Amino acid sequence: MEIVRSIAELRARLGREPRVAVVPTMGNIHEGHLSLVRIAAGHAPFVVTTIFVNRLQFMQGEDFEKYPRTFEEDCDRLASAGNHLVFAPDETEMYPEPQVFAVEPPPVAGKLEGRFRPGHFRGVCTVVLKLFNVVQPQVAVFGKKDYQQLSIVRHLVEQFALPLAIVPAETVRAPDGLALSSRNRYLSEAQRAEAPRLNEALREVKRAVESGDRNLEALEFAADALLARHGWNVDYVVVRSRRTLMQPEPGERQLVALGAAKLGATRLIDNLEILAP
């Protein structure tokens with residue numbers, strides 16, 4: 001597996017590849033990322049995984065400096081999954097001067113995650129567009145665990161008429177249902193045992209809606225209360241339209257339940273798609 005650090009070297013190398021798939025990451029590679037690499041390999045003969053911890057998407061007080069950086073282990077795992085090249089620029093390569101141009105995301109970026117992490121998706125969209133320009137892939141794979149990110153990136157690609165396909169990938173979970181995440185490592189043993197309850201609360205919402213219950217506000221309140229009783233600090237548990245991530249229209253069937261909450265200092269997110277009757 002090749003490792004490339006500079007944009008010029010990457011472009012020269014990829015010029016020999018007729019079709020490329022990219023998997024953008026911030027590193028700390030786990031099985032969820034590896035599943036994206038395997039999916040990417042089914043869409044293109046050459047897979048590039050990018051590893052770049054993007055300062056622009058971290059808000060003041062968030063864990064940019066503490067974000068786990070495990071580059072050697074990441075490369076070992078990616079090589080074992082069949083990844084072909086890792087693009088791992090440093091900050092001076094990606095931002096040789098202050099990034100004064102930025103992508104302004106749509107209003108939905110200020111809701112859900114954006115409500116609690118203002119400016120986050122501005123940083124995400126800016127770095128994703130820059131990575132797309134650098135790699136120039138035909139395919140990009142994003143996981144559904146970051147559902148709002150996936151939705152916004154899809155919109156970005158459509159509005160800028162970028163010549164690539166966004167491929168969504170199902171969330172990879174531990175046997176007890178917890179969505180795999182780099183932040184799971186921050187959980188204590190007791191918190192790790194409690195962590196699957198977020199998925200359980202969303203599954204209960206999904207079951208109710210798919211059984212015909214359209215009192216979404218009551219279902220959201222019940223899920224929020226369940227988590228709070230078990231020591232969670234809940235940011236939101238909501239049911240939204242998959243298409244818009246806004247309140248669903250009457251009779252709209254393709255929905256998604258989304259949740260975000262903290263156990264101690266660790267913030268976890270999850271979601272489940274719903275097909276209402």
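Not measured: the values here are computed from a predicted model.
With contacts defined as side-chain heavy-atom distances shorter than 4.5 Å, the pair Gln138/Pro163 does not qualify. Two residues are said to be in side-chain contact when any heavy atoms from C-beta on lie closer than 4.5 Å; Val108 and Thr244 fail this criterion. Side-chain contact between Arg240 and Lys111: absent, with no pair of heavy atoms (C-beta onward) separated by less than 4.5 Å. Between Val48 and Glu17 there is no side-chain heavy-atom pair separated by less than 4.5 Å. Residues Leu263 and Glu194 meet the side-chain proximity criterion, which asks for heavy atoms closer than 4.5 Å. You'll find the side chain of Cys75 reaches within 4.5 Å of the side chain of Ile3, heavy atoms only. Put simply, the side chain of Leu227 reaches to within 4.5 Å of the side chain of Val237, judged on heavy atoms. Between Ile7 and Pro89, every side-chain heavy-atom pair lies at or beyond the 4.5 Å cut-off.
The main-chain N or O of Val103 is found under 3.5 Å from a side-chain atom of Thr126 such that the two form a donor-acceptor pair. Under the 3.5 Å distance criterion, the side-chain polar atoms of Asn271 are left unmatched by any main-chain donor or acceptor of Gly259. Side-chain N or O atoms of Lys130 include one that pairs as donor or acceptor with a backbone N or O of Met94 at under 3.5 Å. No donor-acceptor distance shorter than 3.5 angstrom exists from the side chain of Arg38 to the backbone of Gly82, with no hydrogens or angles considered. In this structure, the side chain of Glu220 engages the main chain of Val239 through a donor-acceptor pair within 3.5 Å. Not a single donor-acceptor pair under 3.5 Å links the side chain of His155 to the backbone N or O of Ser151.
Aromatic ring pairs are classed by plane angle as parallel below 30°, tilted from 30° to 60° and perpendicular above 60°; the pair His84 and Phe46 is parallel.
Side-chain heavy atoms closer than 4.5 Å link hydrophobic residues (I, L, V, M, F, W, Y) into clusters, and following such links, even through other members, never connects Val167 to Leu156. Under a hydrophobic clustering in which Ile, Leu, Val, Met, Phe, Trp and Tyr are joined whenever their side-chain heavy atoms come within less than 4.5 Å, directly or via other members, Phe160 and Val157 fall into the same cluster. In the hydrophobic clustering of ILVMFWY residues, with side-chain heavy atoms under 4.5 Å counting as a link, Leu216 and Phe221 come out apart. No continuous path of ILVMFWY side-chain contacts below 4.5 Å connects Val141 to Tyr147, so the two sit in separate hydrophobic clusters. Note on Val37: it does not cluster hydrophobically with Val172, by side-chain heavy-atom contacts below 4.5 Å among ILVMFWY residues.
Interatomic distance, Glu93 CD to Ser6 OG, rounded to the nearest 0.5 Å: 5.5 Å. Atoms OG1 and CG, on Thr25 and Leu78 in that order, are 7.0 Å from each other to the nearest 0.5 Å. Atom CZ of Phe71 is separated from atom CZ of Arg69 by 13.0 Å, given to the nearest 0.5 angstrom. Here the NE2-CE distance, from His33 to Met26, works out to 8.0 Å after rounding to the nearest 0.5 Å. For the atom pair CG of Leu202 and CG of Leu258, the computed distance is 7.5 Å after rounding to the nearest 0.5 Å. Note that the CD atom of Gln148 and the NE2 atom of His120 stand 8.0 Å from one another [nearest 0.5 Å].
Listed here is the closest heavy atom pair of Leu164 and Pro137: CB-O, 3.4 Å. Scanning all heavy atoms of the two residues, the minimum distance from Lys145 to Ala179 falls at CD-CB, 3.7 Å. When all heavy atoms of Phe142 and Gln149 are compared, the closest pair comes out as CD2-NE2, 3.8 Å. Taking both residues in full, the closest heavy atoms of Val53 and Phe58 are given as CG1-CE1, 3.9 Å, listed atom of the first, atom of the second, then distance. Across all non-hydrogen atoms, the minimal contact from Ala81 to Leu34 is CB-CD2, 3.9 Å. Closest approach of Arg77 and Ile29 over heavy atoms only: NH1-O, 3.1 Å.
The side chain to side chain contact (heavy atoms under 4.5 Å, CB included) test applied to Asn184 returns Leu178, Ser181, Leu187, Leu268, not counting sequence neighbours.
A cation-pi arrangement is absent between Arg5 and Phe52 under the rule of less than 6.0 angstrom and at most 45 degrees off the ring axis.
Arg207 and Glu204 are joined by a salt bridge, as a carboxylate oxygen and a charged side-chain nitrogen come within less than 4.0 angstrom of each other. Between Arg117 and Asp235 there is no salt bridge, since none of the side-chain N atoms of the basic residue sits less than 4.0 Å from a carboxylate O of the acidic one. In summary, Arg203 and Asp270 do not engage in a salt bridge, as defined by a charged side-chain N under 4.0 Å from a carboxylate O. A salt bridge links Arg267 to Glu113: at least one charged side-chain nitrogen sits closer than 4.0 Å to a carboxylate oxygen.
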Checklist line | Residues Leu272, Asn199; criterion side chain to side chain contact (heavy atoms under 4.5 Å, CB included); working and verdict | finding: CA-CA 8 Å; Leu272 290 174; Asn199 177 249; 4.0 Å; yes

Next item on the list: Test side chain to side chain contact (heavy atoms under 4.5 Å, CB included) on Glu65 and Arg55 and set out the steps.
Entry: CA-CA 9 Å; Glu65 298 298 342; Arg55 187 186 296 270; 3.8 Å; yes

Check: So Gln136 and Val20, side chain to side chain contact (heavy atoms under 4.5 Å, CB included) or not? Walk me through it.
Finding: CA-CA 8 Å; Gln136 298 187 0; Val20 173; over 6 Å; no

Note to self: Between Arg243 and Gln254, does the side chain to side chain contact (heavy atoms under 4.5 Å, CB included) criterion hold? Intermediate values first, please.
What the structure shows: CA-CA 8 Å; Arg243 182 176 56 86; Gln254 294 198 349; over 6 Å; no

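The number of heavy-atom neighbours closer than 6.0 Å to CD of Glu217, taken from other residues, nucleotides and ligands shown, is 12 or below. Counting heavy atoms of neighbouring residues, nucleotides and ligands inside a 6.0 Å radius, atom NZ of Lys144 exceeds 12 of them. Within 6.0 Å of the CZ atom in Arg115, the count of heavy atoms belonging to other residues, nucleotides or ligands does not exceed 12.
Asn54 and Tyr95 are linked by a side-chain donor-acceptor pair at a separation below 3.5 angstrom, with hydrogens and angles left out of the test. Looking at Thr92 and Asp90, their side chains do bring a donor and an acceptor atom within 3.5 Å of each other.
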